[in-house]
Every structure is written in C-alpha cells, then in structure tokens.
Amino acid sequence: MWPLPPLENELITISFSPNNLTLSWIQKNTKTKTPLQCTAYERHELSNLELEKLILFNPTHIAKLITHFLSRHKKHNAFIAFSLQGASLTEEFITLPTSHPKATDFGMTPSSNFLWGYRFMYHNHDGQAVFYVYKIPRSLLLQYKLLTITTKMNLIMITTQTMSYFNAYKTIFGSSFRQSQFGLDMMRHNNKIENLISTDILKRVITPPINISIADEHAYLANAYGLFTSQGLNL
Amino acid sequence: MKNVNFISTFTPQQQYELRRWFIFSTALIICTLIGISFFFLPQLYALYSTKKKITALQQKTKNYNELTNTQIHLKKEHEALQKKQTKINNHQHQPNNPHTYLTPVIAACGTDVQLEHVRKNKKECEIIGLFPTPERATNLIKQLSDTRQFTQLTLTSLQNDTQTKKFRCTIKGKIQ
C-alpha cells in the first residue's frame, strides 16, 4: 500500500569493525541440520580510511557497498541490524562489589555528548559483580542514523559486537544457559567473549555460504549469528 | 538481560501491527464509504438527472417571460376590444340607436346621392340630400319604405342646385 513502506520478513546484519564491513543475510535452514543458514555473506576490507575508529569518513562508499548488497539480493525492505566495534565505542568490564550499582559507581561523568549503559554479566570468584559498560558519542550515532536515512534502510537496532556475541552464546546454549557457567567461561577466556564461541559450535548452528570458510570468517559469522538471534524474529 | 540498542525504533512486531491496523482501518473506511454510497448514490443520481432536466427545460423556456408578457398585453388588448365590441353591440341593439335607421339610408343613397342632413325628432325624420335626378329621390323613398323602418315617406321639397347641377330634395317621414 502506497503510504506504508513495504515490510519484508528478513533480517540483514551489518557489522562495522575496524577496517571491515561485514554484511550477511541469515535465514532459517530447511535443507541441512543446522537451524540457520547464511544465504549471503560479504566482508569488505576498508583499508583506505573509509571507516576509521568507527567514524564514517567515506559514508558514500559505505552506503554504496550496502545498497549494492541489498540490490543484489533484493532485500531493500528487510529489517537491518548494525553492530559496532571500534575505538570510538568504549567497552569495558568493570567489577563492582554490588549487584545493584548506581550510575555514579561506574565513574561516568554525566554528559549529553555520550550515551552509555551497563549490563550485568556474571559474579566472579570473589563474589563481585562484573558489569559490561559501554559508551558511545552521540555524534557517532548520528552518523549511522544519517547513513540509514541516506540508504533508506529499515534499521531496527544498533548494538555492540560484545552484545552480539553474548546473544550468540545465549542462543547456542538455549534453555541450558546459565549465568554462572557463562561467568566461568568468561573468566577462563579473560573476558574475551568472542572466544567463547568456537568454530565447532558455530558449525553446529549455522551453515555458511559455499564459498565461505567458517574458520576464516569465524568471528564475523558469530557476530552476525548473534545479531540475528537477538531479534527473535519469527522468520 | 535487556538487549543493548542505541536507537529507539519500532520493533518488527510493532511495524507489523501498525501495518495490520492501517490496512484494517483503510479497508473499514472504504467499506463504510461504499455502504454510505449505497444509500446516497441513488439520491445523488436523481438530483443530477433532475438538474439536467431543469437545465434543458430552462433552455426551452428561455423566452417564456417575453411570451408571457406578450400574452398578457394581448389579453388586455383583447379585453379592451371586447369591451368596445360589447359597447358597440349594446349601442347597436339599443332601441333608440340611430344606427339602425341610418344604415339603410346610407345604403340606399349609394354613391350617387350626397347626403347633407339627416334629422330625427322623436318618430319623425327628415333627409336632405343632393340627388342627380328627382326619380332618384323617389327611388330612395321606395327603398327606404321597403326596409319597413320608415313609413309615410314623402318628397316635400325639390330644388335645383345650379352649382352642383343636382336636385336638393327633402324627404320627410316617420320612423317605425
């Protein structure tokens, strides 16, 4: 209908990481044993400072890459989710003695220039609570919003790569997910959440395109998987 | 754990819901309009066709006012003429209408007799005229007597008019 933008029940995940732009189209899998399949996958190396510290220095080029991907697979009306990772996005794991901290406990100075938040991750061996804290400049967010407006995308989420990995981990374990087990895994891997999802685990949950090797694209595929599952779309 | 999302947008579920509500509302409005039109369209059509007829009739009766005025004017004239005619008829059929006895006198005179006077005093009348011959006067007397409106008509005077070379005759009699 003309006044409503058309909706397409598909999700395209776009990941912005240092020097890389990853686009993927994930669907439910009906052919092989894995629940999901990556129908389309593209990773572009941005080595000419197009994307430096998450700042879009060449939004035209990036918009072109995205629109080409969407045009090639005819997914102009699909839902889009972004994940960000870079120097401009401050991410850290902070340990606090309390599970119910106040904003001041994190040492963040209130400012209208930044958007920040925290999520409880796990309790460590000492019984202290580990929180994931993130902080992003509003001006950077505006850039991505403008990019969305330019490319006329139906953007529904901008999140961090860490949260994508967390969602991926949670979805893989499903009903057997336990915060304590997650905490143990995180401590074992020194809070490097991307290492929690191994290639073998990823192979069991997603089928990549034929020309893509999970081993080579492991981190990016895990991120895309996590973005996809965080939506809970009935696809 | 609540997901991290730097932007606040409509979730896919909300978007689908909006779409459903929009389609439903649009369909409801269209159905309502169709339903209403079922009631009003025939009346609107009747109004349209009536207006069309009115326009056509107005074209036909463009000169109506003019014709009506003409008719009224002519009617008035007709009434006036009727009145005149009635008056004339009444006058004509009056018992003392001189027209009744003047008409036969004039008819009898014809073109050769020049009437000068016609006098009437109650039942007596006097006709003075210029006749070409005395016989013409007696002829007149005979004609008038035949009309039965005149009686006892006699030629009382006969004079020769040298100027016109005719005879001035005076005929006296009584009117019936």
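Just so we're clear, the structure is a prediction, and the values are computed from it rather than from any experiment. Residue numbering restarts at 1 for every chain, and letters A, B, ... go by the order of the sequence lines.
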Is the shortest heavy-atom distance from the side chain of [X] to the side chain of [Y] under 4.5 Å?
{"X": "T160(A)", "Y": "F6(B)", "result": "yes"}
{"X": "Q15(B)", "Y": "F79(A)", "result": "yes"}
{"X": "N3(B)", "Y": "N167(A)", "result": "yes"}

- Note on the structure: Heaviest contributor of heavy-atom pairs below 4.5 Å to chain B, chosen from L84(A), L155(A), L7(A), is L7(A)
- Between F120(A), Y134(A), F82(A), Y144(A), which residue shows the highest count of heavy-atom pairs closer than 4.5 Å to chain B?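 It is Y134(A).
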- Message: Here's a test for you: under side chain to side chain contact (heavy atoms under 4.5 Å, CB included), which of T148(A), L115(A), I158(A) qualifies with I7(B)?
- Response: I158(A)
- In terms of heavy-atom proximity below 4.5 Å to chain B, should L89(A) be classed as side chain, backbone, both, or neither?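 Side chain only.
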Around atom [atom1] of [X], are there more than 12 heavy atoms of other residues, nucleotides or ligands at under 6.0 Å?
{"X": "F177(A)", "atom1": "CZ", "value": "yes"}
{"X": "Q82(B)", "atom1": "CD", "value": "yes"}
{"X": "H78(B)", "atom1": "NE2", "value": "no"}

- Between N5(B) and I156(A), is there a donor-acceptor pair closer than 3.5 Å when you use the side chain of the first and the backbone of the second? yes
- Message: On a heavy-atom basis, which atom in K2(B) and which in M163(A) lie closest, and how many Å separate them?
- Response: O-CE, 4.4 Å
